[in-house]
There are 4 protein chains.
Amino acid sequence: MQFNSNAPIYQQIADHLCDLIVANVYGDGERIPSVRDFAAVLEVNPNTVARSYAYLLELGIVENQRGIGYFAAREASKIIKAIKRASFYERELPALVKTMKALDISVEELTASLEGAFDETL
Amino acid sequence: MQFNSNAPIYQQIADHLCDLIVANVYGDGERIPSVRDFAAVLEVNPNTVARSYAYLLELGIVENQRGIGYFAAREASKIIKAIKRASFYERELPALVKTMKALDISVEELTASLEGAFDETL
Amino acid sequence: MQFNSNAPIYQQIADHLCDLIVANVYGDGERIPSVRDFAAVLEVNPNTVARSYAYLLELGIVENQRGIGYFAAREASKIIKAIKRASFYERELPALVKTMKALDISVEELTASLEGAFDETL
Amino acid sequence: MQFNSNAPIYQQIADHLCDLIVANVYGDGERIPSVRDFAAVLEVNPNTVARSYAYLLELGIVENQRGIGYFAAREASKIIKAIKRASFYERELPALVKTMKALDISVEELTASLEGAFDETL
DNA sequence: GTGGTCTAGACCACC
DNA sequence: GTGGTCTAGACCACA
């Protein structure tokens, strides 16, 4: 894993873990790597991974069993998608509309570009 | 003006000024407010406005006449649109495609949502 | 049994066992389950149950007969109540008073709430 | 300030700051000490204070102005009281009822004890 | 100056 | 072994 983005590493790790859960690498309710193990894999300080886990704990995406470890929540992938969906429709979509208006891009124009880009990344 | 976003204030100011230029409040080649005046209006530290202007200077959107003040570049609005367009197609659109795939949102679904949102903000 | 609370599991187990003794499920002087059996029932690590028993041993609530097992003390339920009473009047009550003052809750207000809650849990 | 309790220091600091806000030492909307300053006063690592502030930020009790500092939220004391009240009625009160039943303490008995304790701490 | 993040290393309670 | 907390010290972007 690479940390190119400007976003804080702990968030990138959290996002990455969400991807892994949605991709069923760690299924709902399954144990996820220990803080220390994951830190070793990612070549990152354990505190940073701990911060990611604490963040996901707040969101209800992971859970915690004392002295045992962290687990994906029972409905983790559902929660993740719900959160992403909400953020998409409430934040990204309005921003998209604003940009399109500023640039005089019509819905049709965007649709065309999207269809092209959609196929490329198949 | 409000600074609700997480983006740095100097960028929010720069964006805002670009909007004003595109909206012809300050036409291409016209003088824009002095750093101090603008800072007073925005209730912001003058250093912050100075940083915004420096940023726009790099992009060629504003120009500087020693001892006189800052001016919108001759083709400012054209440059602004070009920059936004590039960033849109190279950065935002791929990100959009990625998000849509992660959330199983089809182009049709997005188009529908967009048309609704487009009309609301008329 | 569920371990929802933030308290350490070994304490929750100890509390639970005290409840069982007071409720006469295990009478004063009677044998209580072996560490292994209880651990199996609670789906918990045997070390954790052992720690609970050690804790209750210190308090004089359970006793240990070498090679045979653990027993509730002869006056176990009396001891339990005495301990709870002491902790109630010395720790919980002062904390309650402090909270009530901070929240401007009068004795009358609390009494009313209590009577409602008391009946619900009959 | 002393840190005798078993609770994490960052929470004790957060609680303490809430007390100060409710007591109007830092009024609603006013600036609170910088992370470094407060850490120096409390003789604690700045990271620990930062953690307290981050915690209060989540709860909406304090706010944040980039590069300037932390401020008590506009309705900070109101929010604090609401949170305490909710936790009191949803968590402490049921626990109190449970303890009272276990110890055969009647509402009348508690009321009497409370009134005594109330006056002492005037 | 401010806060935000990260690293390193330590100690603790718990299972 | 696990996570939780704290310290120390560093670097960064921002105002």
Side-chain angles (χ1 to χ4, degrees), chain A residues 3 5-13 31-39 42-57 62-71, chain B residues 3 6-14 35 39 42-52 54-55, chain C residues 3 6-14 35 39 42-52 54-55, chain D residues 3 5-13 31-39 42-57 62-71:
Chain A
F3 302 107
S5 147
N6 300 321
I9 295 182
Y10 80 92
Q11 279 197 9
Q12 297 185 47
I13 293 174
R31 187 164 181 229
I32 61 177
S34 81
V35 170
R36 288 163 172 74
D37 285 356
F38 209 20
L42 299 173
E43 295 177 338
V44 149
N45 188 293
N47 283 331
T48 306
V49 174
R51 193 168 181 179
S52 305
Y53 283 12
Y55 175 64
L56 295 173
L57 191 60
V62 304
E63 287 165 0
N64 202 341
Q65 291 188 25
R66 317 177 59 93
I68 310 225
Y70 277 92
F71 297 76
Chain B
F3 302 105
N6 300 318
I9 292 184
Y10 81 91
Q11 280 196 9
Q12 296 184 49
I13 293 174
V35 170
L42 298 172
E43 294 177 341
V44 148
N45 190 308
N47 286 330
T48 307
V49 174
R51 191 162 179 179
S52 304
Y55 175 64
Chain C
F3 302 105
N6 300 318
I9 291 183
Y10 81 91
Q11 279 196 9
Q12 297 185 48
I13 292 173
V35 170
L42 298 172
E43 293 177 340
V44 148
N45 190 307
N47 286 331
T48 306
V49 174
R51 191 164 181 179
S52 304
Y55 175 63
Chain D
F3 303 106
S5 147
N6 300 319
I9 293 181
Y10 79 91
Q11 280 196 9
Q12 297 184 49
I13 294 174
R31 186 163 182 230
I32 61 177
S34 81
V35 170
R36 288 164 171 79
D37 285 356
F38 209 20
L42 299 173
E43 295 177 338
V44 148
N45 189 293
N47 283 331
T48 306
V49 174
R51 195 167 178 180
S52 305
Y53 282 11
Y55 174 63
L56 294 173
L57 191 61
V62 304
E63 288 166 0
N64 202 342
Q65 290 188 26
R66 318 177 60 95
I68 309 223
Y70 277 92
F71 297 76

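A note on names: the letters A, B, ... follow the listed sequences, proteins ahead of strands, and every chain is numbered from 1.
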Student: Could you check whether any side-chain heavy atom of D:Val35 comes within less than 4.5 Å of a side-chain heavy atom of D:Tyr53, counting everything from C-beta outward?
Tutor: yes
Student: For the backbone of D:Gln11 and the side chain of D:Arg51, can you confirm whether one donor and one acceptor N or O come within less than 3.5 Å of each other?
Tutor: no
Student: How close or far is atom C1' of E:dC15 from atom CG of C:Asn6, stated in whole angstroms?
Tutor: 16 Å
Student: Given F:dT7, is OP1 or OP2 found less than 4.0 Å from the side-chain N or O atoms of D:Thr48?
Tutor: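 Checking F:dT7 against D:Thr48, a side-chain N or O does come within under 4.0 Å of OP1 or OP2.
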Student: Over how many whole Å does the gap from D:Glu43 atom CD to F:dA8 atom P extend?
Tutor: 11 Å
Student: Closest-nucleotide mapping onto DNA chain F: is A:Ala54 or B:Ile9 further toward the 5' terminus? I mean the 5' end.
Tutor: A:Ala54
Student: Can a side chain N or O of D:Ser34 be found less than 4.0 Å away from OP1 or OP2 on E:dT2?
Tutor: yes
Student: Measuring from atom CD1 of C:Ile9 to atom CD1 of A:Ile68, what distance do you get when rounded to the nearest 0.5 angstrom?
Tutor: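 These two atoms lie 6.5 Å from each other.
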Student: Report the distance from atom OH of D:Tyr10 to atom CG of D:Leu56, rounding to the nearest 0.5 Å.
Tutor: 10.5 Å
Student: Contact class for D:Tyr70 vs. all strands (heavy atom < 4.0 Å): base, sugar-phosphate, or nothing?
Tutor: sugar-phosphate
Student: Let me know the distance between CD1 of C:Ile13 and C1' of E:dC14, rounded to the nearest Å.
Tutor: 12 Å
Student: Please state how far atom CZ in A:Phe38 lies from atom C1' in F:dG3, giving the value in whole angstrom units.
Tutor: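 Interatomic distance, CZ of A:Phe38 to C1' of F:dG3: 16 Å.
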Student: Measure the distance from CZ on C:Phe3 to C1' on E:dC15 and round it to the nearest whole Å.
Tutor: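 To the nearest whole Å, that distance equals 12 Å.
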Student: Send over the distance from D:Ile32 CD1 to E:dG1 P, rounded to a whole Å.
Tutor: 19 Å
Student: Between atom CD in B:Gln12 and atom C1' in F:dA15, what is the gap in whole Å?
Tutor: 13 Å
Student: Flag the pair D:Arg31 / D:Tyr70 as yes when at least one side-chain heavy-atom distance between them is below 4.5 Å, and no otherwise.
Tutor: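 No, side chains not in contact.
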Student: What's the spacing between C:Gln12 CD and C:Thr48 OG1 if we round to 0.5 Å?
Tutor: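 So the gap between those two atoms works out to 11.0 Å.
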Student: Can you check nucleotides 9-13 of chain E for protein contacts, nitrogen or oxygen pairs under 3.5 Å, and list what you find?
Tutor:
unit_1, atom_1, unit_2, atom_2, d
E:dG9, O6, A:Asn47, ND2, 3.0

Student: If you assign D:Arg31 and A:Gln11 each to the DNA chain E nucleotide with the nearest heavy atom, which residue ends up on the more 5' nucleotide?
Tutor: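 By nearest-heavy-atom nucleotide position, the 5'-most residue is D:Arg31.
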Student: Taking the side chain as every heavy atom from C-beta outward, state whether D:Ile13 and D:Phe38 have any atom pair closer than 4.5 Å.
Tutor: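 Counting from C-beta outward, D:Ile13 and D:Phe38 do come under 4.5 Å.
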Student: For a quick check of understanding: with a heavy-atom distance under 4.0 Å over all strands, which category does A:Val44 fall into, base, sugar-phosphate or nothing?
Tutor: sugar-phosphate
Student: Distance check, rounded to the nearest 0.5 Å: B:Glu43 atom CD versus B:Phe3 atom CZ?
Tutor: 9.0 Å
Student: How close or far is atom C1' of F:dG1 from atom CD of A:Gln65, stated in whole angstroms?
Tutor: 15 Å
Student: Counting a pair only when it is Watson-Crick or G-U and both distances are under 3.5 Å, which runs of at least 3 such pairs involve DNA chain E?
Tutor: E:1-14 with F:1-14
Student: Consider the side chain of D:Asp37, meaning its heavy atoms from C-beta on, and name the nucleotide among E:dT2, F:dC6, E:dG4 that approaches it most closely.
Tutor: E:dT2
Student: For A:Ala54, enumerate each residue passing the side-chain contact (heavy atoms from CB on, under 4.5 Å) test, keeping only those at least two apart in sequence or located in another chain.
Tutor: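 For A:Ala54, no residue satisfies side-chain contact (heavy atoms from CB on, under 4.5 Å) once neighbours in sequence are set aside.
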Student: If you draw a 6.0 Å radius around CZ in D:Phe71, do more than 12 non-hydrogen atoms from other residues or ligands fall strictly inside?
Tutor: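 Atom CZ in D:Phe71 is crowded, with more than 12 foreign heavy atoms closer than 6.0 Å.
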